[in-house]
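Only heavy atoms go into these numbers, but all of them, side chains included; no hydrogens, no water, no symmetry mates. Letters A, B, ... mirror the listed sequences (proteins, then strands); counts begin at 1. All figures in this text were calculated on a predicted structure; none of them were measured in a lab.
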Amino acid sequence: MTTHSAPAPVGGPLLNKVTFIAGVLVALMAAILLYRFIFGLGAVTDLNDGYPWGIWIVVDVMIGSALACGGFSVAMLVYIFNRGEYHPLVRPALLASLLGYTLAGAGVIFDLGRWWNVWNMYWPGSVNLNSVMFEVAICITAYIVVMWIEFSPVVLEKFGLKDLKRKLNKYLFFLVALGTLLPMMHQSSLGTLWVVLGQQVHPLWQTPVVPLLFLLTAIIMGYAVVLFESCLASAAYRRGIEMKLLTPLAKVMLGVVAAYVAVRLGDVIVRGVIGRSFQLSLEGLMFWIEMACFVAPFLIIGTENQRRNPARLFVAGILLILGGSFLRLNGFLIGYDTGAGFRYFPALPELLVTLGMFATEVLIYILVTRRFPVLPREGAAH
Amino acid sequence: MSSRRDFLKGALAATGAIVGAGATPVQARDTYHRPPEAMGLLYDATLCIGCKACMAACKEANNNPAEFSTVDKLWDTPLDTSGHTYNIIKMYRNGTMDTKDAEINGYAFMKTSCMHCADPSCVSACPVSAMTKDPVNGIVAYDPDKCIGCRYCVVACPFGIPKYQYDDPLGRIGKCELCRHRHKDGRYSACAEVCPTGATLFGRTEDLLAEAKRRLALKPGSVTKFPRGRLRHATEKMLQGKEDGKGRKNRQGWRDEPDQIYEGTIGKYVQHVYGEKEYGGTQVLKLSGVSFEKVGMPNLPPYSSAATSETIQHTLYGGLLMPIAVLGALSWVARRNVKPDDGEEG
Ligand code: SF4
Ligand code: SF4
Ligand code: SF4
């Protein structure tokens, strides 16, 4: 029955050009963050009274965590919809998610203006059950813990702790269920965050169905990242691409994209604001760019034949990642009007920290896949 | 084939759980309204002379440093509210600026400070209850010892009021709290206390609203009496205190001042009490001669976005019913689908 191959460490040197550059970026980020914690947020960011949230929140946390939905999207497919054939994708996706989420969590701390008070988020006397952000924070924290436990068999395997691993496996199904529920909750709520902003958010984005839009795009971005990463990892490690898995996966993904496009267009039409997208404005333009990113993949990987072409999968994956990112960027920054006179463009140190965050992820991903059993063993089974 | 059937089963179970949980009674939450004893301010732009005494008094009462926008840095010249400026008088100018409170070829003033909303977005947003609304007097207060500095309140407020102190590694959120720290001494909002014309008036919002409506009903140009400082409730007994606000405390706990009512002429108002209904109402009310949108007050619906946001949240997560139902369904499905070898191999 089991046709998929067991994962194994990739091996090879830990120091190469990529890890070196990533290391430098990480060091740079550490230096900037040190400066930020000593001199305050204003010293390194372009944040201002009109734009209190910048790319550390919108890119590192909102987009970063959606990109880290590969683990959730694939696990859902394998364990909830019982598509065991995708099993080899679970571990690498889980690792990427684990890293992405842990970093998004860290990114929040960097951005908090009064981080030493963060324990209040978990203190019953302080929590505000009405706050969307409270729900997001709790679910993300819980999900990070769940993912670490889900991933722990990899570590236990490495160190040969068979007994503990077997015990853990008994409860794996519950972890999987929790690991599916939690991201559904907080990914949708990340969108609900902007409901309370009211009419400060452009009507093309301010909608009560925003939780659904965020949930669907998080799932889409999860699959898109798996496509993207599989192509990239195969190229980097000179391994064969698992086309047998990626081709049908792309079809599943397109199904979700179709549902999303229907909901998104239906919503702006029903609320009667579609006309706003035809007005000559940055918002109107951004709406259609965002939309195009979701529609174009149907032209690129719409047929079975096209889906067998890794280059096409790669491009479609990038487009969908962009589309989901635009949705978040548009609602929180571009379509957010806080009153005249405020401008925001990320400052250089701000950009370097965001870059450093992605570098950290790449660095750890490479180090772990080279030493721990994560990627499918090359050449076995197929 | 069996895999396809299981796929469908899983899909059905999951949707069934979601639909089932969604059918549980939903408590849509209405927009809140002001508590009966709500305190607030009435700002009447037609009475304001732009002296900015209120800004200086606010800085002093809240221990805030001066902020400069000029090269010589001689005096406090903020351009907007900030983490260190809770109250600011802004000026509207048009054309030749000949007539006060005229939209065309005129000028006007407008006060910007926290509106103390009946259903505040900042309170709904704050994850750690650092922003709270007093159930009795309705003042929206800030607690820096709880605040984590996430700035969700800053993004959420429709008036752009709470501001973070970016220049400080230990920065706080700054916003007007109606001088609640002075109340225990019987002193009220510093801006109203110093305002020479009564353009900024402190009192119970209900009383202030009645006063605002009285003014709107009068004919422009007619002569009437304007209170100054604190608006006394109609039934409040008059004590004779000293002008420096150091008199005895009256029954309501305010230090008494001499009666400072004076006679003046009624301005040409826009027939609208700003804050009576906006977002369910605010405790700070405004009158103006120039349309409110022109002087920077947003055009808001009578329902709050906090109500919409909390309705969505509680529909999905109220009592954790839906999440638990979905978790149950997911566990059931996952239990069948997680194979024993999953742990062994991946
Ligand atoms: S003190 Fe009164 S008159 Fe002077 S600027 Fe303030 S509100 Fe206007
Ligand atoms: S004006 Fe803004 S800060 Fe003041 S209570 Fe309303 S939402 Fe909160
Ligand atoms: S910045 Fe402070 S007061 Fe504002 S929402 Fe965050 S924790 Fe609450």
Can you list the steps and then say if L330(B) with F174(A) is a side chain to side chain contact (heavy atoms under 4.5 Å, CB included)? CA-CA 8 Å; L330(B) 290 174; F174(A) 186 67; over 6 Å; no
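Within 6.0 Å of OH on Y303(B) lie no more than 12 heavy atoms contributed by other residues, nucleotides or ligands. Crowding of R172(B) atom CZ: a count of heavy atoms from other residues, nucleotides or ligands under 6.0 Å not exceeding 12. No more than 12 heavy-atom neighbours from other residues, nucleotides or ligands sit within 6.0 angstrom of OH on Y171(A). Atom CH2 of W123(A) is surrounded by 12 or fewer heavy atoms from other residues, nucleotides or ligands within 6.0 Å.
Here the CG-OG distance, from L197(A) to S121(B), works out to 8.0 Å after rounding to the nearest 0.5 Å. Note: C157(B) SG to Q200(A) CD = 7.0 Å, rounded to the nearest 0.5 Å. Considering CG of L181(A) and CD1 of I324(B), their distance stands at 9.5 Å, rounded to 0.5 Å. Atom CG in L327(B) sits 9.5 Å away from atom CE in M185(A) (nearest 0.5 Å). Between the CG atom in N299(B) and the CD atom in Q199(A) there is a gap of 7.0 Å [rounded to 0.5 Å]. If you take OG1 on T192(A) and CG on L316(B), they are separated by 7.0 Å, rounding to the nearest 0.5 Å.
In this structure, R114(A) contributes its side chain and L170(B) its backbone to a donor-acceptor pair below 3.5 Å. Counting only distance, with no hydrogens or angles, the side chain of S131(A) and the backbone of A125(B) share a donor-acceptor pair below 3.5 Å. Although no hydrogens or angles enter the test, the distance criterion places no donor-acceptor pair under 3.5 Å between the side chain of W115(A) and the main chain of G149(B). Between the side chain of N117(A) and the backbone N or O of P144(B) there is at least one donor-acceptor pair closer than 3.5 Å. Distance alone, capped at 3.5 Å, is enough to place a donor-acceptor pair between the N337(B) side chain and the Y79(A) backbone. No donor-acceptor pair closer than 3.5 Å links the side chain of N130(A) to the backbone N or O of S124(B). A donor-acceptor pair under 3.5 Å is formed between the side chain of Y164(B) and the backbone N or O of G113(A).
Contacts with chain A were tallied for P298(B), S304(B), P169(B), G328(B); P169(B) has the most, counting heavy-atom pairs under 4.5 Å. Contacts with chain B were tallied for F37(A), Y122(A), W116(A); W116(A) has the most, counting heavy-atom pairs under 4.5 Å. Chain B forms more heavy-atom pairs under 4.5 Å with one residue of L41(A), D49(A), L129(A), V195(A) than with any other, namely D49(A). The greatest number of non-hydrogen atom pairs below 4.5 Å with chain B, out of L178(A), V118(A), N48(A), I57(A), is found for N48(A).
Contact annotation for T45(A): neither backbone nor side-chain heavy atoms come within less than 4.5 Å of a heavy atom of chain B. Within the 4.5 angstrom heavy-atom criterion, only side-chain atoms of I312(B), from C-beta onward, approach chain A. Of the two parts of D143(B), neither the backbone nor the side chain holds a non-hydrogen atom closer than 4.5 Å to a non-hydrogen atom of chain A. If you measure heavy-atom distances from P211(A) to chain B, the contacts under 4.5 Å come from the side chain alone. If you measure heavy-atom distances from T132(B) to chain A, you find no contacts under 4.5 Å at all. No part of L79(B) comes within reach of chain A, as not one of its non-hydrogen atoms sits under 4.5 angstrom from that chain. For V176(A), the part lying near chain B is the side chain, with the backbone staying farther off; criterion is any non-hydrogen pair under 4.5 Å.
Of all heavy-atom pairs spanning W53(A) and Y152(B), the tightest one is CH2-CD1, 3.4 Å.
In this structure, W332(B) has its ring center at least 6.0 angstrom away from the ring center of F173(A).
A search for side chain to side chain donor-acceptor pair (under 3.5 Å) contacts involving S126(A) returns N120(A), not counting sequence neighbours.
At a threshold of 4.5 Å between non-hydrogen side-chain atoms, the residues N128(A) and S129(B) count as touching. In this structure the side chain of F342(A) reaches within 4.5 angstrom of the side chain of D80(B), judged on heavy atoms.
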When the side chains of residues 132-140 of chain A are checked against the rest of the protein, which donor-acceptor pairs come out under 3.5 Å, sequence neighbours left out?
unit_1	atom_1	unit_2	atom_2	d
E135(A)	OE1	S189(A)	OG	2.2
E135(A)	OE1	Q313(B)	NE2	3.1

